[in-house]
Number of protein chains: 2
Amino acid sequence: MTNNPADSTSESLPDSPGATGQPADRRSTLHDVAARVGVSPRTVSRVVNNEEGFSEATRERVLEAIEELEYRPNLVARGLVTQQTRTLGLVVTDLSDPFFAELANGAQRAAITNRYNVFLCATDNEADQQANVLDSLRSHGIDGTIVFPATDTDDGLRRVAADVPIVCVDHEVDHPRITTVSSDLVAGARMAVEHLVDRGHTKLGMVASKFSPSDRRRREVGFLAAHRKLFPGTPEPMIVRTEPTLEGGRSATAELLDRDPSITGIFAYNDITAIGAILAATDRGLTVPGDLAVVGFDDVPLAAVFGPPLTTIRIDRERLGQVAIEMVLAMMGGSRTGRPSPQILPVELVVRAST
Amino acid sequence: MTNNPADSTSESLPDSPGATGQPADRRSTLHDVAARVGVSPRTVSRVVNNEEGFSEATRERVLEAIEELEYRPNLVARGLVTQQTRTLGLVVTDLSDPFFAELANGAQRAAITNRYNVFLCATDNEADQQANVLDSLRSHGIDGTIVFPATDTDDGLRRVAADVPIVCVDHEVDHPRITTVSSDLVAGARMAVEHLVDRGHTKLGMVASKFSPSDRRRREVGFLAAHRKLFPGTPEPMIVRTEPTLEGGRSATAELLDRDPSITGIFAYNDITAIGAILAATDRGLTVPGDLAVVGFDDVPLAAVFGPPLTTIRIDRERLGQVAIEMVLAMMGGSRTGRPSPQILPVELVVRAST
DNA sequence: ACACATCGCGTCAACGTTGACGTAATCTAG
DNA sequence: CTAGATTACGTCAACGTTGACGCGATGTGT
């Protein structure tokens, strides 16, 4: 009965489990359950973990005691011995950006369905802060992590990857335990061009971001490639790089129209710059989509309610988060099949009133 | 030197710390550092935790070894013995809602500055899901948690509060270890009314949410109270309850104007319904703010870029999250001063072009 | 010179759980 | 009927850390 030597010293407590069967003040442990049933903690552990090596009869009695004592496994203790905490990290630059908020939303839900919990951290796109949070997450013993990397932190990520598998969002790092999930921005750009051409536009321009490093300029690549395919032999369309803001989009579009007034179709870096483009059109008395058609990117909530509602390329950010979780779980699977190959998720053309 | 008996069995590993001084494959522990310096793990622990009971000389040698071995405390092990994990929960209904995203942003940053990490969970406003995530968080040994409660879950929260202090957002629960942080919605409504009256409007109407339970209708309370104070003895202004969506705001405003065409000022439940109100105005050829002035609530990002930009009552959601964290840390402080009293954060009138 | 405090450590157990291994009782095969 | 397998457990140590306590060496007051 009294397998637990500590019990003998503390049986004077009120509500000691053996006496009343009520949950005690402190959370109950394997020992409490074991004492109540009259087996060893190890047997209770076996039942809890669905191992084998116990009779149906004891299984039922253990389950009953677990219910009565409201026993829940202590994941901290379990983590110490198994070296697995069933926690994941999710490191983004800024949660107030809806892109990351929805990414986090999808990731967190996918994690929960796999019985994992996620630590969420913001870096403000600063290398120091990213190093800090990753360090902190490692101290907490996370089993894996999703990272939208701050710029120029590949080496830091490689160091972390020695302990913890990493899935990067929209960024590739060459390391056996780092893989990538991203959106098919090239295809998105192609869809935008094809749609504009479908609508009868032949003179196109693009508003791009001047902050994108060259390896993240895949929208531009897709834009030019699609144009080349549809209008072989004609001069390349114009691209103006600007800040990816409302005003940036506005001024860049004004510049495009100044330099070539025959442009009737704009492909914008994202929805905010697209709205800037629309404002630039109305600034000079052009109607949208009559005189100028505009396609955005992302499909932020704002896009659907703007006047006119914006045609855009939709990125399924929740799915991005979900897939990222699935990939990191796969890497943790430990099957020495090497890292899962980078995944590129499809995007979708959403036609609204701006084209 | 070889205080750690496990070493003897594994000294054939490459890079064993005693031999090379390089970090090993596995993360180094107190034992590794201790062995390297030639002291006991307990002494290293003392240095790490800034306790006392060691000489300056050993302190330096320990710190040096920590650096060389890249030692980081294992918070899982520490948590097991101290019963404190330095983790907090943050339970909201839906992260893709910018309100919660920014709340989470503020909370997470406040947590990090206090050297805590936060588990983020979504409940979809479902009681079951909330119970699940809270259970899971308890198993992980969180030290405290912020909850935006799903409807009708007070009892569930009280049960959790037995183990873990809770700060609720915008909701009160009567329990010694549950307290509340909220925004001053009543004052916000008052500010909206006063602003409209300042602008010369005397006939007001309000678009409210039909989903708000009676204890969350503080905007309506403030609206009526302010009106009563400014126009004593006159009939109460009209309130129409609708779905808090764009279309809801549009139709509710149409109804208000149908029933009383002399209305010139609208106070809307949130920014989205306010935009609906503006659309309703333009539907019938009214100009904003010329014929109809509209005040929203929340100050979502969209509010600033809509045409016309929206006058609104700003809720500082990041600060809400930050204060929530500070309150839960205070409750954990364990000082038996009872729970901190509920906090109500101020809101702010942001005047733009819609009034 | 002696009692006593302080310093600078070390030792041991415990936190709650699981991995490795042991073992008595029962079953199975020949 | 007996050797060997199987079942249903129990025992013990370990995960990495800290709390409680011990202890010898050195300082301090009288």
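Chain identifiers are assigned alphabetically (A, B, ...) following the order of the sequence lines, protein sequences preceding nucleic acid strands; residue numbering begins at 1 within each chain. All values below come from the heavy atoms of this structure, side chains included, with hydrogens, waters and symmetry mates left out.
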Of all residues at least two apart in sequence or in a different chain, which pass the ring-ring contact (aromatic ring centres under 6.0 Å, His included) check with A:F148? A:F100
Does the Lys NZ or Arg CZ of A:R59 fall within the cation-pi geometry relative to A:F54 - under 6.0 Å from the ring centre and within 45° of the axis? no
Mind grabbing the angle between the end helix axes of the helix from C:dA1-D:dT30 to C:dG30-D:dC1? Five pairs an end, 10° rounding. 30°
What's A:E52 touching, base or sugar-phosphate or nothing? Going by heavy atoms closer than 4.0 Å. nothing
Just the rounded figure in Å: distance from P of C:dC15 to NE2 of B:H140. 22 Å
Expected output: side-chain A:T85 to main-chain A:G141 donor-acceptor under 3.5 Å: yes
In residues 54-61 of chain B, which residues come under 4.0 Å of DNA chain C by heavy atom? B:F54, B:S55, B:T58
For B:E60, what residues pass the side-chain contact (heavy atoms from CB on, under 4.5 Å) criterion, not counting sequence neighbours? B:E56
Side chain of A:S40 (C-beta onward), nearest among D:dG16, C:dT17, D:dT11: D:dT11
Give the table of side-chain donor-acceptor pairs shorter than 3.5 Å for residues 322-329 of chain A, with sequence neighbours excluded, one pair per line with atom names and distance.
from	atom 1	to	atom 2	distance (Å)
A:Q322	NE2	A:E326	OE2	3.4

Please list, for nucleotides 18-25 of chain C, all pairs of protein and nucleotide N/O atoms separated by less than 3.5 Å.
from	atom 1	to	atom 2	distance (Å)
C:dT18	OP1	A:N49	OD1	3.3
C:dT18	OP1	A:N49	ND2	2.7
C:dT18	OP1	A:R78	NE	2.8
C:dT18	OP1	A:R78	NH2	3.2
C:dT18	OP2	A:S45	OG	2.4
C:dG19	N7	A:R42	NE	3.1
C:dG19	N7	A:R42	NH2	3.1
C:dG19	O6	A:R42	NE	3.2

Salt bridge flag under 4.0 Å for residues A:R109 and B:D124: yes
Have a look at A:I142 and tell me which of A:D163, A:V160, A:T87 forms a side chain to side chain contact (heavy atoms under 4.5 Å, CB included) with it. A:T87
Nearest whole angstrom, please: distance from the C1' of D:dC15 to the CG of A:L80. 4 Å
Could you walk me through whether A:Q130 and A:T153 satisfy the side-chain hydrogen bond (donor to acceptor under 3.5 Å, both in side chains) test, starting with their C-alpha distance in whole Å, then the side-chain angles of each, then the deciding distance to 0.1 Å, before giving a yes or no? CA-CA 8 Å; A:Q130 177 175 302; A:T153 52; 3.1 Å; yes
Out of C:dG16, C:dG10, D:dC9, whichever nucleotide has its closest atom nearest the side chain of A:T43: D:dC9
In whole angstrom, what separates A:H31's NE2 from C:dA14's P? 11 Å
Nearest-Å distance for atom pair CD/P, residues B:Q84 and D:dG16: 22 Å
Whole-Å distance separating the CG atom of B:D32 from the P atom of D:dC15: 11 Å
Return yes if a side-chain donor-acceptor contact under 3.5 Å exists between B:H171 and B:D154, otherwise no. yes
Does the pair B:N49 and B:R78 meet the rule for a side-chain hydrogen bond (donor to acceptor under 3.5 Å, both in side chains), with working shown? CA-CA 11 Å; B:N49 294 339; B:R78 181 185 284 172; 3.1 Å; yes
More than 12 non-hydrogen atoms from neighbouring residues, nucleotides or ligands closer than 6.0 Å to CZ on A:R159, yes or no? no
